[in-house]
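Notes for the one structure printed next.
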There are 2 protein chains.
Amino acid sequence: MPRTGLTPEAARQRAVEIAVERIRAHGFAKLRLADVAREMGVSHAALYGHFRDKAALLDAVTESWLAEARSRTAAICAGPEPAAERIEAWFLERYRLKSARARSDPEIFFGYNEATCGARPVIQAHLERMTDELAGLLAEAGLGGAAEAVLLEEALTAFLHPSLITSGPEAGRAADLTRLLRIVLAGLAATAGEHG
Amino acid sequence: MPRTGLTPEAARQRAVEIAVERIRAHGFAKLRLADVAREMGVSHAALYGHFRDKAALLDAVTESWLAEARSRTAAICAGPEPAAERIEAWFLERYRLKSARARSDPEIFFGYNEATCGARPVIQAHLERMTDELAGLLAEAGLGGAAEAVLLEEALTAFLHPSLITSGPEAGRAADLTRLLRIVLAGLAATAGEHG
DNA sequence: TTGATTACATTTTCTCCATTCTGTAACTCA
DNA sequence: TGAGTTACAGAATGGAGAAAATGTAATCAA
């Protein structure tokens with residue numbers, strides 16, 4: 001039993017909550033571990049019992065968001081609709097989630113992305129899981145597998161990449177995404193099996 | 001007749017040359033108008049007779065490169081091959097040019113892009129001309145027009161956008177670009193006329 | 001009269017130092 | 001024993017004043 005009355009896991013979650021609030025309020029660059037610790041009622045050194053370093057806390061902030069996003073996309077994957085419909089819904093959900101996040105929490109979204117160049121393991125692992133989900137949907141639709149999933153993700157990079165997510169109004173972009181997606185899926189269907 | 005012995009146009013070109021050399025040697029951020037002027041044998045204020053401001057000189061550096069790139073792509077557009085082949089060659093040329101530039105002159109390529117966020121008129125005008133060229137090729141191939149050109153450029157953003165151009169080895173990326181391009185073109189062919 | 005110069009106002013960048021922050025270690029207490 | 005504390009070293013940040021760069025205006029010369 002820790003002296004703060006929080007289990008280790010609860011303490012981690014509390015630290016993440018506080019970090020999110022503070023980044024929203026004061027910006028990504030001004031987050032101080034000492035501030036987070038003070039708000040938890042502990043010394044800053046105590047945080048190192050829960051997180052290896054500051055980057056690990058920021059990873060946890062991001063991971064909590066990514067896990068939420070995954071639960072949404074996974075629900076779509078598991079839905080009852082035809083696979084083709086689920087593919088569209090899956091991409092639209094990804095776009096809307098990212099777009100909304102980028103607009104509502106720009107400090108967290110862009111700050112973390114710029115600071116890490118998207119190269120952190122927590123990001124890479126998430127992207128791999130997304131590609132796996134997509135590969136599953138494509139397989140269900142009879143349009144391919146892992147290779148086609150990678151290709152399709154690249155085709156929609158203009159709509160999903162962090163550095164491009166806020167170009168243009170959300171409704172218009174969503175419509176453009178759908179148009180492009182349908183064309184690429186048609187292309188996949190037309191060329192299916194040509195190369196194995 | 002100017003005292004330097006250079007016509008206005010030659011002076012502009014000389015300034016651009018010197019700026020390119022200095023950016024290569026010392027980096028984009030450290031380019032000083034005074035250094036360029038000294039190397040030309042004039043005072044720094046004389047440069048303002050040729051360029052509105054420093055940004056205009058940097059625009060000229062970029063424009064000289066963009067003009068060269070356009071002459072290459074325009075030659076492909078005017079070639080004798082079937083339109084479908086020219087579309088592939090056109091995208092591959094764009095990718096190879098950008099990729100080579102980003103690798104050989106990263107300070108100029110990324111420095112300018114980061115400093116301007118790609119929002120300078122000289123960049124926008126170039127991109128519009130690229131889209132026009134592509135629209136022409138698509139029309140020749142019977143695959144659409146301006147709208148389809150925009151869509152196709154978005155589909156290949158992952159391979160052509162400055163912030164993504166150096167991801168992966170050039171040969172592999174070129175092959176991936178070609179695969180995706182063929183699929184999108186197949187999709188355009190399959191859905192041609194559906195929406196007008 | 002145009003291309004260039006010097007002189008100068010305004011920004012921007014640099015430098016240095018004090019402060020703050022991160023991360024580690026030795027220690028404390030329930 | 002493990003969650004937390006204090007103490008501290010090294011790294012990063014911030015701010016003030018100095019230095020330098022950009023951009024403008026008045027002037028000069030071929």
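Quick caveat, the model's predicted, so the values are computed rather than measured.
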For the pair A:D176 and A:R179, find out whether any cationic side-chain nitrogen is under 4.0 Å from an anionic carboxylate oxygen.
yes
Please report the end-to-end axis angle for the helix from C:dT1-D:dA30 to C:dA30-D:dT1, five pairs per end, rounded to 10 degrees.
30°
Is A:R173 salt-bridged to B:E154, going by a charged N under 4.0 Å from an acidic O?
yes
Check the hydrophobic clustering (I, L, V, M, F, W, Y; side-chain heavy atoms under 4.5 Å; chains of links allowed) and say if A:V150 and A:V184 are grouped together.
no
Rounded to whole angstroms, how far apart are CZ on A:F28 and P on D:dT13?
12 Å
Value in whole Å for how far the P atom of C:dA4 lies from CG of B:L47:
10 Å
Check the distance between D:dG4's P and A:R12's CZ and give it to me in whole angstrom.
13 Å
Just checking, any donor-acceptor pair under 3.5 angstrom between side chains of B:T73 and B:E133?
yes
Residue-level proximity of residues 29-44 of chain A to DNA chain C when a heavy atom falls under 4.0 Å:
A:L31, A:R32, A:L33, A:A34, A:H44
Donor-acceptor pair between B:S99 and B:R103 side chains, under 3.5 angstrom
yes
Honestly curious: do A:L164 and A:F91 fall in one hydrophobic cluster under the side-chain, below-4.5 Å linking rule?
no
Taking the side chain of B:P8 as its heavy atoms from C-beta onward, which of C:dT24, C:dA7, C:dG3 lies nearest to it?
C:dG3
Under the salt bridge (charged side-chain N to carboxylate O under 4.0 Å, His left out) test against B:E93, which residue among B:R72, B:K98, B:R70 passes?
B:R72
Are A:T131 and A:E153 linked by a side-chain donor-acceptor pair shorter than 3.5 Å?
yes
Can you sort out which residues in residues 48-58 of chain B have a heavy atom within less than 4.0 Å of DNA chain C? Ascending by number, please.
B:H50
Please give me the minimum heavy-atom distance between A:I183 and B:L188, naming the atom from each residue.
CG2-N, 3.7 Å
Correct closest heavy-atom pair for A:L138 and A:G145 would be CD1-O, 4.1 Å
